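Keep in mind that this is a model prediction, so the values were computed, not measured.
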Amino acid sequence: MQSIYLSRSLFGCTRISLITAALFVGTLALGGVAGAQEPTSSQRAVPESPAMAEHNAAPTSLHELVIEAGQKNPQIAATFHAWQASRNVPKQVSALPETQLSVQQFSVGSPRPFAGYSNSDFAYIGFGASQDIPYPGKRQLRAHVAEHEADSMEAQTDSMRRAVVGNLKMVYFRLAYIQQTLGVLQSSDVLLNQVQEAAEARYRVGQGNQQDVLKAQLQHTKILQEIAHHHQEEGLLEAQIKQVLDRPQESADIVAEALTLRTLPYTSAELLQRAREQNPDVHSKQAFIRQQETQVELAHKNFRPDFNVQYTYEHTGSQARDYYMATFGIRLPNRGRQKAELAEAQENQERARQELDAESQRVLSEVQQQYVRAKTSEERLKIYSDGLVPQSEATFQSALSAYQSNRQDFESLLSGFLDVLNLDLEYRNELVEHESALAELERLTGVDLP
């Protein structure tokens, strides 16, 4: 959630600067109307505010980007191909060892080829075949080990897909927040105009002072800096999304849809159960345990001997009969080595169990934490929408009326306007927190929230 926390620092100063900048605009306008004094050189040095970014392109829904990421993201494609490759391993390890063919030539009385072939019973040409045969059950166990590894790779592929989609959602929510804050600033123009009109009326009767103007100039310069930071972060976020989508960086800008509040229809117990059943990281660890259990069985089976069969046909000269030879061999295992192999397999099996327990606890803990965040955020959003935001607007209107009738000081009016702006920004930031928590729950549990 680092990106969401950054938004607070990015717009913290902007909230304070906006009202002062507005007052500066109103005060300068009043100065032109009233003609009370000539602006100083420092007043003339205020830089012009850059135009806010305008996006004419239609917003792109998050659903469309998720589909595009699933089809084009290279990380997802790489893990998918790794899984597909692992599916071919069971056939390899379960196959019989390669058959060995041989040709023999035995000469008598001279090293020359075929010497003595026509006058000796010992000279011959032989053709043979040899085949190693593992002990029954070993090949099936090797195939099962490879199959469980392929199952683990499949779960890792799902995990990678969810991680990429989850990251895409986080960045998308952040981009939506950054782009929508421009709308917040523009909607505040109505309030700024009211402040400007009130300041103009007070200035015309000689109640303004130069200190307010100079202060507004300073804050106006600060807001230019904050707008530059805003444009920078927007560009960085779009670059991240294009990377996830495997789009060219020079492609068109991405415009996010407005964030809306989604409700969480599941209880904590339901989400925890979904995580146990559907979390790919847990599934991967479970497949790894099955792989290690089968590896232990194979280590026990490797104490059994393997076999070798050979058959050779030897053709002699016409004065002698041909020879036929069959051989059956047994390859005895090295028991010391096999004991070490069994001990290794048993330790790996216990390690796999502990890793599954640790992964399960981590996932369930994250699910519970995100559930608490989502539910708490829902309560806060309700407080903002039903209480704080309308109350701040009513307070500001009351302060504005009192200020216009000279019954309240300017600081109270300023405080009221800042409350309206700050609470609006805080509400939108809280909405990003809420949607990010739901996105994490979707990644951890596999549920699709409406």
Side-chain angles (χ1 to χ4, degrees), residues 1-19 59 61-63 165-188 190-191 226-227 229-230 233-234 236-237 240-241 255-268 271 366-396 415-445 447-450:
M1 303 314 300
Q2 182 178 4
S3 62
I4 296 177
Y5 297 145
L6 288 174
S7 67
R8 297 175 177 173
S9 62
L10 178 62
F11 288 97
C13 295
T14 305
R15 299 171 184 173
I16 300 175
S17 304
L18 289 173
I19 181 62
S61 69
L62 179 58
H63 179 68
V165 171
N167 179 62
L168 173 63
K169 290 180 179 180
M170 297 295 182
V171 180
Y172 184 89
F173 294 151
R174 173 65 179 160
L175 178 64
Y177 172 78
I178 292 296
Q179 292 178 344
Q180 288 176 37
T181 50
L182 287 176
V184 173
L185 301 180
Q186 293 169 353
S187 64
S188 66
V190 176
L191 298 181
E226 295 303 328
I227 292 176
H229 282 299
H230 165 84
E233 186 166 0
E234 183 181 27
L236 294 175
L237 293 171
Q240 293 180 41
I241 293 179
V255 181
E257 290 183 328
L259 293 180
T260 56
L261 177 62
R262 296 183 296 169
T263 59
L264 182 60
Y266 298 97
T267 64
S268 174
L271 291 173
E366 287 192 17
V367 169
Q368 185 64 28
Q369 292 178 51
Q370 297 301 330
Y371 177 80
V372 172
R373 284 184 56 199
K375 299 304 289 186
T376 304
S377 183
E378 284 184 13
E379 297 175 0
R380 291 176 178 172
L381 288 171
K382 185 174 180 58
I383 294 174
Y384 275 115
S385 60
D386 296 347
L388 292 175
V389 172
Q391 289 172 3
S392 65
E393 293 174 352
T395 301
F396 170 75
S415 176
F417 176 79
L418 288 177
D419 284 341
V420 172
L421 182 58
N422 289 346
L423 289 173
D424 192 354
L425 293 174
E426 289 174 7
Y427 171 81
R428 295 176 183 276
N429 186 72
E430 189 65 40
L431 184 57
V432 173
E433 295 276 358
H434 178 266
E435 294 304 301
S436 298
L438 294 189
E440 278 294 291
L441 287 174
E442 290 175 328
R443 180 184 68 84
L444 294 168
T445 63
V447 299
D448 293 324
L449 299 177

Trainee: Given side chains that start at C-beta, do those of L449 and Y266 come closer than 4.5 Å, heavy atoms only?
Mentor: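 Result yes, sub-4.5 Å side-chain heavy-atom pair found.
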Trainee: Would you compute the distance between atom CD of E435 and atom OG1 of T260 and round it to the nearest 0.5 angstrom?
Mentor: 6.5 Å
Trainee: So, for A258 and Q180, which heavy atoms are closest and what is the spacing to 0.1 Å?
Mentor: CA-NE2, 3.0 Å
Trainee: Can you name the side chain to side chain contact (heavy atoms under 4.5 Å, CB included) partners of K375, sequence neighbours left out?
Mentor: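 Scan of K375 (side chain to side chain contact (heavy atoms under 4.5 Å, CB included), adjacent residues dropped) gives L264, Y371, E378.
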Trainee: May I ask you to test the I241-L175 pair for a side-chain heavy-atom distance under 4.5 Å?
Mentor: yes
Trainee: Compare every heavy atom of F396 with every heavy atom of V420, then report the nearest pair and how far apart it is.
Mentor: CG2-CB, 3.7 Å
Trainee: For side-chain contact (heavy atoms from CB on, under 4.5 Å), just list the numbers for D419 and T395, CA-CA rounded to whole Å, side-chain angles, deciding distance to a tenth of an Å, and then say yes or no.
Mentor: CA-CA 9 Å; D419 284 341; T395 301; 5.7 Å; no
Trainee: Do you know which two heavy atoms are closest between A437 and R373, and how far apart they sit?
Mentor: CB-CB, 4.2 Å
Trainee: Can you tell if the side chain of L261 reaches within under 4.5 Å of the side chain of H434, non-hydrogen atoms only?
Mentor: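 When only atoms from C-beta onward are counted, H434 and L261 do touch, with a gap below 4.5 Å.
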Trainee: Do L388 and I383 come within less than 4.5 Å of each other through their side chains, counting heavy atoms only?
Mentor: yes
Trainee: What's the separation between atom CG in L271 and atom CD in Q368, rounded to the nearest 0.5 Å?
Mentor: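 Nearest 0.5 Å value for the CG-CD distance: 9.0 Å.
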Trainee: Kindly give the heavy-atom pair with the smallest separation between T445 and L441, and that separation in Å.
Mentor: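 Shortest heavy-atom separation between T445 and L441 comes out as OG1-O, 2.6 Å.
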Trainee: Should E379 and K382 count as an ion pair when the cut-off is N to O under 4.0 Å?
Mentor: no
Trainee: What I'd like to find out is whether the side chain of L381 reaches to under 4.5 Å of the side chain of S385, using heavy atoms alone.
Mentor: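 SC-SC contact between L381 and S385 ruled out.
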Trainee: Let me confirm one number: the CE-CG distance from M170 to L237, rounded to the nearest 0.5 Å.
Mentor: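 Going from CE on M170 over to CG on L237, the span is 13.5 Å.
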Trainee: Given side chains that start at C-beta, do those of R380 and Y427 come closer than 4.5 Å, heavy atoms only?
Mentor: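 They are not in side-chain contact.
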Trainee: Decide yes or no for V255 and Q179: does some side-chain heavy atom of the first lie under 4.5 Å from some side-chain heavy atom of the second?
Mentor: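 Counting from C-beta outward, V255 and Q179 do come under 4.5 Å.
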Trainee: Evaluate K169 against S436 for side-chain contact (heavy atoms from CB on, under 4.5 Å), listing each step before the verdict.
Mentor: CA-CA 7 Å; K169 290 180 179 180; S436 298; over 6 Å; no
Trainee: For R174, is there an ion pair with E234 - N to carboxylate O distance below 4.0 angstrom?
Mentor: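 No, no charged N to carboxylate O under 4.0 Å.
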Trainee: Judged by modelled atom types alone, do E430 and Y384 share a side-chain donor-acceptor pair under 3.5 Å?
Mentor: no
Trainee: Hey, what do you get for OG (S392) to CD (E426), rounding to the nearest 0.5 Å?
Mentor: 10.0 Å
Trainee: Using a strict cut-off of less than 4.0 Å between a Lys/Arg side-chain nitrogen and an Asp/Glu carboxylate oxygen, indicate whether E442 and R262 qualify as a salt bridge.
Mentor: yes
Trainee: Determine, step by step, whether S377 and E433 satisfy the side chain to side chain donor-acceptor pair (under 3.5 Å) criterion, reporting the C-alpha distance in whole Å, the side-chain angles of both residues, the deciding distance to 0.1 Å, and the verdict.
Mentor: CA-CA 7 Å; S377 183; E433 295 276 358; over 6 Å; no
Trainee: Nearest 0.5 angstrom please: L168 CG to L62 CG, how far?
Mentor: 6.0 Å
Trainee: Any side-chain heavy-atom pair from Y177 and L431 closer than 4.5 angstrom?
Mentor: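 In short, these two side chains do not touch, never coming nearer than 4.5 Å.
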Trainee: Please report the interatomic distance OG1(T181) to CG(L421), rounded to the nearest 0.5 Å.
Mentor: 10.5 Å
